[in-house]
Amino acid sequence: MRKTWVGLAALGLAVGGCEQDETRPNFEYAPDMVASVPYDSFAPNPNTGDGKTLLTPAKGTVPRGHLPLHLLAGPDAAERAGSELRNPYPSSPEVVARGQTAFLRYCSPCHGAGGLGDGPVTARFSMPPSLLAEHAVGLPDGRIFHIITHGQGLMPAHGSQVAPEDRWKLVHYLRTLQNPARTARKETP
Ligand code: HEC
């Protein structure tokens, strides 16, 4: 019986505590999270040379892990990508597996899981070329990287969806898909 009274008293306090005085702010139990201590990214900053919080990167520097691509869209740049860019990642089972994940996610809807150009989207979209055909087999790695990055003709650009690292890994996976055709091509005199 006593316990019930204590319980009811606690409930009364809890309900009473919910009444709000709208003219006073509520209790801030973690004030550092309400009022940020560091400067906001775009706030003026009296401590930096140019008065901005976000500093401009020093000239000629690149962020760690960033693979810069100096080539823009267009056929001339695609041609240059083919002759200038080299795949920076050596092939390995992990690299190929990562490339396969990216291929199945981003490319197979159009090009098909086997790269034959027969993905489910072709029911409503014109059929893309087979990636196992002689033309695609003969494209240099850098050219394929450029096609993924900027797109080509009806193929949309995938630069914003697929990280540069994964684009190169995708090229390795594509080569394993193409392998029988590539071997046959090399053997033909
Ligand atoms: C929306 C459908 C679509 C998606 C998604 C797509 N492609 Fe394509 N792809 C095309 C079409 C259409 C072409 C032909 C472009 C043209 O007109 O030259 C093409 C062309 C290509 C070519 C050049 C083939 C050749 O013989 O010239 C390559 C390589 C390629 N795609 C790779 C990829 C890869 C890798 C992905 C995934 C990141 C991908 N594509 C995603 C539709 C697509």
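Here the structure is a predicted model, which is why all the values come from computation and not from measurement. When a ligand or atom number is given, it counts from 1 through the structure's own listing order.
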Students often mix this up, so state it plainly: with edges at 30° and 60°, are the rings of Tyr173 and Phe103 parallel, tilted or perpendicular?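 Tyr173 vs Phe103 ring planes: tilted.
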Would you mind checking which non-hydrogen protein atom is closest to [atom], with the distance to 0.1 Å?
atom                    : value
atom 14 (C) of ligand 1 : Pro129 CD, 3.3 Å
atom 15 (C) of ligand 1 : Gln152 O, 3.2 Å
atom 2 (C) of ligand 1  : Cys110 SG, 1.9 Å
atom 28 (C) of ligand 1 : Leu131 CD2, 3.5 Å
atom 23 (C) of ligand 1 : Ile147 CD1, 3.7 Å

Heavy-atom contacts under 4.0 Å between [X] and ligand 1: side chain, backbone, both, or neither?
X      : value
His158 : side chain
His111 : side chain
Val121 : neither
Leu174 : neither
Pro109 : neither

Joint hydrophobic cluster, Val95 plus Ile148, side-chain heavy atoms closer than 4.5 Å: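 Per the 4.5 Å side-chain linkage, Val95 and Ile148 are not co-clustered.
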Proximal atoms of ligand 1 relative to [X] (non-hydrogen, under 4.0 Å):
X      : value
Ala136 : 26 (O)
Ile148 : 35 (C), 38 (C)
Leu154 : 12 (C), 17 (O)
Tyr106 : 5 (C), 37 (C), 41 (C)

Start with the C-alpha gap between Lys52 and Asn45, add the side-chain angles, then the distance that decides, and say whether side chain to side chain contact (heavy atoms under 4.5 Å, CB included) holds. CA-CA 5 Å; Lys52 294 178 186 164; Asn45 192 318; over 6 Å; no
Of the non-hydrogen atoms in [X] and [Y], which two are nearest, and what is the gap between them?
X      : Y      : value
Ala157 : Thr149 : CB-O, 3.4 Å
His111 : Pro128 : CE1-CB, 3.7 Å
Leu131 : Ala136 : O-CB, 3.5 Å

Give a yes/no answer: is there an N/O/S atom of Met155 under 2.8 Å from atom 8 (Fe) of ligand 1?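 Given the 2.8 Å cut-off, Met155 counts as a ligand of atom 8 (Fe) of ligand 1.
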Below 2.8 Å, any N, O or S contact between Cys107 and atom 8 (Fe) of ligand 1?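 It does not; every qualifying atom lies at 2.8 Å or beyond.
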Carboxylate-amine/guanidinium contact Arg98 Asp166, below 4.0 Å: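 Salt bridge present between Arg98 and Asp166.
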So that I can tick it off, tell me whether Lys169 and Glu165 are bridged by a salt bridge, with the cut-off set at under 4.0 angstrom between side-chain N and carboxylate O.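 Lys169 and Glu165: salt-bridged.
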Polar proximity ligand 1 side, His135 side, N/O cut 3.5 Å exclusive: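 Yes; the residue has a nitrogen or oxygen that sits under 3.5 Å from a nitrogen or oxygen of the ligand.
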Nearest 0.5 angstrom please: Ile147 CD1 to Leu139 CG, how far?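 Result: 5.0 Å between the selected atoms.
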How long is the gap from SG on Cys110 to CE on Met127, to the nearest 0.5 Å?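 Taking SG in Cys110 and CE in Met127, the distance rounds to 11.0 Å.
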Test your reading of the model: is there a side-chain donor-acceptor pair from Thr53 to the backbone of Ala43, 3.5 Å cut-off?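 Looks like yes, one N/O pair under 3.5 Å.
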